[in-house]
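Data block below; observations after.
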Protein chains: 2
Amino acid sequence: MAQPSTKTNTTAGTQAAAKIGTRLKALRGLYGLSQRELANRAGITNGAISLIEQDRVSPSISSLKKVLDGFPMSLAEFFTFDLHHHNNEVFYPADQLKEIGGGGVSLRMVGHGRSRLKLQILHERYQPRGDTGKTMLSHPGEEGGVVVKGQIELTVAGQIRVLSEGDAYYFDSRLPHRFRNVTDGPCMIISVSTPPTF
Amino acid sequence: MAQPSTKTNTTAGTQAAAKIGTRLKALRGLYGLSQRELANRAGITNGAISLIEQDRVSPSISSLKKVLDGFPMSLAEFFTFDLHHHNNEVFYPADQLKEIGGGGVSLRMVGHGRSRLKLQILHERYQPRGDTGKTMLSHPGEEGGVVVKGQIELTVAGQIRVLSEGDAYYFDSRLPHRFRNVTDGPCMIISVSTPPTF
DNA sequence: GAAAATCGTCTAATATATTAAACGCATGGC
DNA sequence: GCCATGCGTTTAATATATTAGACGATTTTC
C-alpha cells in the first residue's frame, strides 16, 4: 500500500546497503584469509562469501555475524572499522624512532604521534626457526615492539617484512600477525601490548 | 564440508545474531512509531517488521538498513546504541537545577554531571498553539533548555510532559522531540544544542 | 611438464526472508 | 449498541539468500 515497490532490480538489495561486499573483501584481505578459509571458520559456504563480496546478495544479519565471528569482529566494529585510516605507519625504520631519556636511561619511543594507550612491555626471545604459528591470533588493542638482536620476519595483515636490529613495528592487534625467526642465530625483541591482553 | 550443519532450528537464524528484534522493538518504542508507520517510512511491510521484532527471521542488511533509514539511524549506530544508558535524567524539576554565578550574573546549570559537550544557546519564543510539528526531526548531539516564561508541552521519545517556568529538559538529540505551546499565553524557553546542529 | 591443490566464480536446488492480505483485539466516535 | 480506525500478529505466495557441487584459471609440487 505504500510505495510503487521498485521491483526492477538486477543486483538484489544492493542499492540500499552497498559497500558491504567491498568492506568484507577488504577485511578478508587484511586478515589474509581465502574465501574458503573464512567460510570454514564462519560455518557457511565459500560461494555465499563470493556472492556477498560481489554485492550480488544482501546477507542476513545472522549470516554476516557468522562471517565476522570468523575474524573475529563484532557487527558494530564492522560498520565502524575505518579501512583506510588503518594503513598509517605500520613499520618504523630505526632512524625514525623518537629517542627520549638520558642520564643513565635511554628509551626509544615507537609509534610517536599516534593515539596513545597504556602499553605493557614484554621481553621476547626467538630461537632459530622460532615461530608464533600460522594461526595468527588477534586481540583488541594495539601492539608494538623493537628488534634488539638478530632478525625477525613479521607478517601483519598480509604484509611481510624482515626487521633487523633497531627496526620496530606498531599495528592494531586486531589485525592477524605472526613472528618468525628465519635466521640461524637467536633473535630478541622488546614487544609492547595493551594491558587487557595479558 | 565444514560443520554438521545444525538444521534443527525452529527460530530461523536467530541463535546467531539475537537481540536484533529486541533492539529494533525498543528503538521503535523510543521513536514512538507503530510498526506500520515505520514500515511506510522504510518502504517495507509491517508484517516484516513484526517478524523481525519477534526474532523469527534474520533480516538482510539491505532490509535492516531500510528500516533504520526510517528513524533515521545508521547501521553502526544501531549496533552501538546503548538503550539503557539513555534513560538517565531526561526531565529536571526547577529545584534540582544547579545554580551558579553571582555578582550581577545568575546562571542555572542544566544536566550537571552528564558527559559534557560544547553547547550552543538559543532564545526561543512560542506563540499560543506554537508547534515545532509532528515530524520530529532528529539530529546528532545533545539538547537541553529551560522554560523562562509560560508553559510548554515537550514530547521526547514518546514521553510527554508539560514544563512550567523554571523547569528544564535535557536529552539526546537523536531521539525524536516536539515542542508545543498548549496555553493561551506566550512561552519563552532558553534552549541549548550541540554546535554542529546550527 | 603433468598432477594436485587452491583460488574465485557460477548454477540448480533448497532454505529463508519478504510481501500482500487477512485475522483478532482494542479503542474512539456517533 | 455498532461501525470505523488502528494496533500487532499470522499465513500462503513470492522474492531472495544460501547451499552443494561443479567449472576454468592459477599456483604448487613432484
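Residue numbers begin at 1 in each chain, while the letters A, B, ... track the order of the sequences. From a predicted model like this one, the values you see are computed outputs, not experimental measurements.
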* Considering only heavy atoms from C-beta outward, does the side chain of A:I152 approach that of A:V162 to under 4.5 Å? -> no
* Hey, are the side chains of A:N40 and A:E37 touching, using non-hydrogen atoms and a 4.5 Å cut-off? -> no
Using modelled atom types only, decide if a donor and an acceptor are shared between the side chain of [X] and the backbone of [Y] within a distance under 3.5 Å.
X	Y	answer
A:D55	A:G21	yes
B:Q151	B:L163	no
B:N181	B:G185	yes
B:R28	B:L33	yes

* Cation-pi, B:F78 ring and B:R23 (6.0 angstrom, 45 degrees) -> yes
[N] [atom2] sits how many Å from [X] [atom1], rounded?
X	N	atom1	atom2	answer
A:I44	C:dA15	CD1	C1'	14 Å
A:L38	C:dG8	CG	P	10 Å
B:D55	C:dT16	CG	P	15 Å
B:E37	D:dT5	CD	P	16 Å
B:I61	C:dT16	CD1	C1'	15 Å
B:I20	C:dT18	CD1	P	12 Å
A:K66	C:dA15	NZ	P	14 Å

Using a cut-off of under 3.5 Å, enumerate the N/O to N/O pairs linking the protein to nucleotides 9-11 of chain C.
residue	atom	partner	partner atom	Å
C:dT9	OP2	A:Q35	NE2	3.1
C:dT9	OP2	A:S50	OG	3.1
C:dT9	O4	A:N46	ND2	3.2
C:dC10	OP2	A:Q54	NE2	2.9
C:dC10	OP2	A:R56	NH1	2.6

* **Phosphate OP1/OP2 of C:dA17: any A:S60 side-chain N/O under 4.0 Å** => no
* Asked: Any side-chain N or O of B:S34 under 4.0 Å from OP1/OP2 of D:dG6?
  -> no
Listing time: all N or O pairs from protein to nucleotides 24-29 of chain D that are below 3.5 Å?
none

* Asked: Are the aromatic ring centres of B:F71 and B:F81 under 6.0 angstrom apart?
  -> no
* Between A:F79 and B:I61, is a side chain to side chain contact (heavy atoms under 4.5 Å, CB included) present by the stated rule, with each step listed? -> CA-CA 11 Å; A:F79 290 108; B:I61 298 293; 4.1 Å; yes
